[in-house]
Amino acid sequence: MGAQDVETTNKKPTSKATLWLVFTVLSISMGSSCLMGYHVGVLNAPQTIIGLWIRRTKCIEKGGVPSEEEGLKVDHELWCGKLDEEREATMFIDNDELNTLWALLNALVPGGSVIGALGSSFLVNRFGPKKSMLLNNVLAVASVLLNSLARTASSVEMLIVGRFLAGLNSGVIGCVTPTYLNEIAPDHLRGSIGGFFELSVVFAIWVSTIIGMPSIWGNMEQWPILLAVAAVPTIFQLATLPFCPDSPKYIYFKRQNSEETQNALSKLHGKANAVGGLIAIRNEYELVKHEPVITLRHIILDPFLRRILLITLGLHIFQQFSGIDAAMFYSTAIFRSAGLDGDTAVYATIGMGAINVAGTALSLVLIEKAGRRILLLIGYSGCAIFLTLLTVSMLLYKSGDPGVEFPNAGNSFSFAAYVSSVSLVCFVVIFSIGPGAIPWILMSEFFAQGPRAVAAGPGAAMNRFGSLTVALAFPYMQAALGEYSFIIFIALNLLCIAFTYRYVVETKGKTTDEIQTELRSQMDGSPRQTSESHPLMTVKTNRKNDEKLRS
């Protein structure tokens, strides 16, 4: 090696994040993760406005004329009749087809995400995480054009296809982004950097709620602008990501180019850490280079990899079954029960979204200090406790309702409404600190380089499937069980605690080799020891080549 390389290797290793690492993380998270969150949250605030547009569009399609006067009898009354404020509030309940269309528009993102996630492994293995992310922007651009131009074209079908493409785009993001973040992060920052994925998602959901208010863009004239804003993360990523380093592991595993890999490591980890990182990557490659290309079939047939995959799937499905989506769905109604009027309750919901963002940001610090496993246990325990308080307080408030016989009497348990509001906020905080980000981080940390991209697809798909299940099932649960709805989630959180305690190992500050060894020891029920007989799980050091690299 030349004089420059000798000088590089003599530098003292540093633990500081480089500017290139910060720039790359921002390009990935703000360009992709934010887009995924925006897709999820953008239709929540303007639901009534877009519903009225769908009614008007369908009225014209059916040959009717939208009425401009309330109470006037017209053809196709269900679609064409003008609604007063009270009937606007119940238009989805009163019109089964409209309700189905709206449910479809909301379900297409998590539903499409399942398909996109399952297909994303092919992209990562073929093109690497960086190029896969850039190619995924084709779906992002197509979905933005269809969604934002749907009103101009008076086409509900364009909005449906656009939402499906947004779902496909989100599925690829959910698979590729955690993988990319994991592979560019130094071991001591891997959890914090991986947490940027969830932080960006919840931040974008919060922003979409704010700008979706009627006073901004959530009104009849400007809601297409609201959908067009999804282009902003895409433009940002297309302008920044081409300048970012690719995954060093992907570079070496794909091309065995030591110089290119070291250059990427120098940018991401600093020159002082580049040679050590290259040695670790090269050793991992030497151990698995004769192994076949890993497919999902290999993972399913291999007992060890299958076990890790099942643990990963469990983490993702339990995250969604914690009740977070249901709690967010119910938040405005709970705040209203505490005595807040309609607009104030909406502002309170926005405030709770800000708390969710703050809690997720706090988790980026705690993940590397407290560890992943303990935060999961604390998070799910807190979720169970605060959902119990929420259920009890809602039942107390309902039992104190004087009823129609005494319309002027106050609720004898009025304090319970405030307890329910505080319980809901605390539930969101404890979820965001623990279970919010960690399943995405562990999904990438549990697997070695070979099976990581393949396993990320089913993991992201399971997460989105869980979200879809809760989104579709909770309205029926709420209708059938009322205030008892959250009891199901309390039981599921208790199962989460047992699952985490039994199957999840701590990964804080550990190398892939150490994590794999601990997972294998857990499966075998034997003491932790490094074994060289499982090439996908451990890394054997070639000392002779290491010395050559260092000299």
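Just so it is clear, the structure is predicted and the values come from calculations on it, not from any experiment. One is the number of the first residue; the rest follow in order along the sequence.
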*Should the ring pair Phe92 and Trp102 be called parallel, tilted or perpendicular, given that the plane angle runs from 0 to 90° and is split at 30 and 60?*
tilted
*Parallel, tilted or perpendicular, as decided by the 30° and 60° cut-offs, for the rings of Trp440 and His316*: perpendicular
_Whether the side chain of Gln319 engages the backbone of Gly436 through a donor-acceptor N/O pair (distance < 3.5 Å, no angle test) should be reported._
yes
*Of all heavy-atom pairs between Ile311 and Phe499, which one has the smallest distance, and what is that distance?*
O-CZ, 3.6 Å
_Side chains of Asp94 and Thr90: any donor to acceptor distance under 3.5 Å?_
yes
*Look at the side chain of Asn95 and the backbone N and O of Leu98, then say whether any donor-acceptor pair between them is shorter than 3.5 Å.*
yes
*Does a side-chain heavy-atom distance below 4.5 Å link Leu390 with Phe386?*
no
_Keeping Arg190 on the side-chain end and Leu181 on the backbone end, is there a donor-acceptor pair under 3.5 Å?_
no
*asked:* So, applying side chain to side chain contact (heavy atoms under 4.5 Å, CB included) with His39, which one of Leu43, Leu35, Val42 is it?
replied: Leu35
_Taking Lys267 first and then Glu260, would you say they form a salt bridge - that is, a charged N and a carboxylate O separated by under 4.0 Å?_
no
_Looking at Arg126, I'd like to know if its CZ atom is crowded, meaning that more than 12 non-hydrogen atoms belonging to other residues, nucleotides or ligands lie closer than 6.0 Å._
no
*Compare every heavy atom of Pro129 with every heavy atom of Val176, then report the nearest pair and how far apart it is.*
CG1-O, 3.5 Å
*Looking only at heavy atoms, what is the nearest atom pair of Tyr380 and Phe318, with distance?*
OH-C, 3.7 Å
*Would you confirm whether Ser27, through its side chain, and Thr24, through its main-chain N or O, come within 3.5 Å as a donor-acceptor pair?*
no
*Count the heavy atoms belonging to other residues, nucleotides or ligands that lie under 6.0 Å from CZ of Phe253, then report whether that count exceeds 12.*
yes
*What's the verdict on side-chain hydrogen bond (donor to acceptor under 3.5 Å, both in side chains) for Thr48 and Glu88, showing C-alpha distance, side-chain angles and the deciding distance?*
CA-CA 7 Å; Thr48 300; Glu88 278 186 7; over 6 Å; no
*asked:* Could you measure the distance from the CG atom of Leu424 to the CD1 atom of Ile355? Nearest 0.5 Å is fine.
replied: 9.5 Å
*Do other residues, nucleotides or ligands put more than 12 heavy atoms under 6.0 Å from Arg255 CZ?*
yes
*For the cysteines Cys383 and Cys496, is the SG separation below 2.5 Å?*
no
*How many angstroms lie between OG1 in Thr234 and CG in Asn169, if you round to the nearest 0.5 Å?*
6.5 Å
_Neighbour count >12 (heavy atoms, 6.0 Å) for atom CZ, Phe446_ = yes
_Spacing of Thr57 atom OG1 and Ile50 atom CD1 [to the nearest 0.5 Å]_ = 11.0 Å
*asked:* Check this for me: Phe489, atom CZ, are more than 12 non-hydrogen atoms of other residues, nucleotides or ligands nearer than 6.0 Å?
replied: yes
*asked:* Can you tell me how far apart CD (Glu61) and CD (Glu157) are? Round to the nearest 0.5 Å.
replied: 5.5 Å
*Without swapping roles, check the side chain of Arg163 against the backbone of Leu108 for a donor-acceptor pair under 3.5 Å.*
no
_Any side-chain to backbone donor/acceptor pair from Asn182 onto Pro178? Under 3.5 Å, distance only._
no
*Looking at OG1 of Thr179 and CZ of Phe447, how far apart are the two atoms once the value is rounded to the nearest 0.5 Å?*
10.5 Å
*What heavy-atom pair brings Ile317 and Gly466 nearest, and what distance separates the two atoms?*
CD1-CA, 3.6 Å
_Sidechain-backbone polar pair: Ser192 side chain, Leu364 backbone, donor-acceptor under 3.5 Å_ = yes
*Backbone of Val172 reached by a side-chain donor or acceptor of Asn136 within 3.5 Å*: no
*Kindly say whether Ser200 contributes a backbone atom to a donor-acceptor pair with the side chain of Ser29 at under 3.5 angstrom?*
no
*asked:* Between Val232 and Phe236, does the side chain to side chain contact (heavy atoms under 4.5 Å, CB included) criterion hold? Intermediate values first, please.
replied: CA-CA 6 Å; Val232 173; Phe236 174 77; 5.5 Å; no
*Report yes if the side chains of Arg464 and Gln320 come closer than 4.5 Å at any heavy-atom pair, otherwise no.*
yes
*If you take all heavy atoms of Val454 and Thr295, which pair is closest and at what distance?*
CG1-C, 3.7 Å
_Straight-line distance of Leu159 CG to Ser148 OG, nearest 0.5 Å_ = 10.0 Å
_Quick one: does any side-chain atom of Ser155 pair with a main-chain N or O of Arg151 as donor and acceptor, under 3.5 Å?_
no
*Less than 4.5 Å apart, any side-chain heavy atom of Tyr347 and any of Met213?*
yes
*Could you check Ser32 against Gln237 for side-chain hydrogen bond (donor to acceptor under 3.5 Å, both in side chains), going step by step and ending with a plain yes or no?*
CA-CA 7 Å; Ser32 284; Gln237 186 169 90; 2.8 Å; yes
*Least distance between heavy atoms, Val357 atom then Leu199 atom*: O-CD1, 3.6 Å
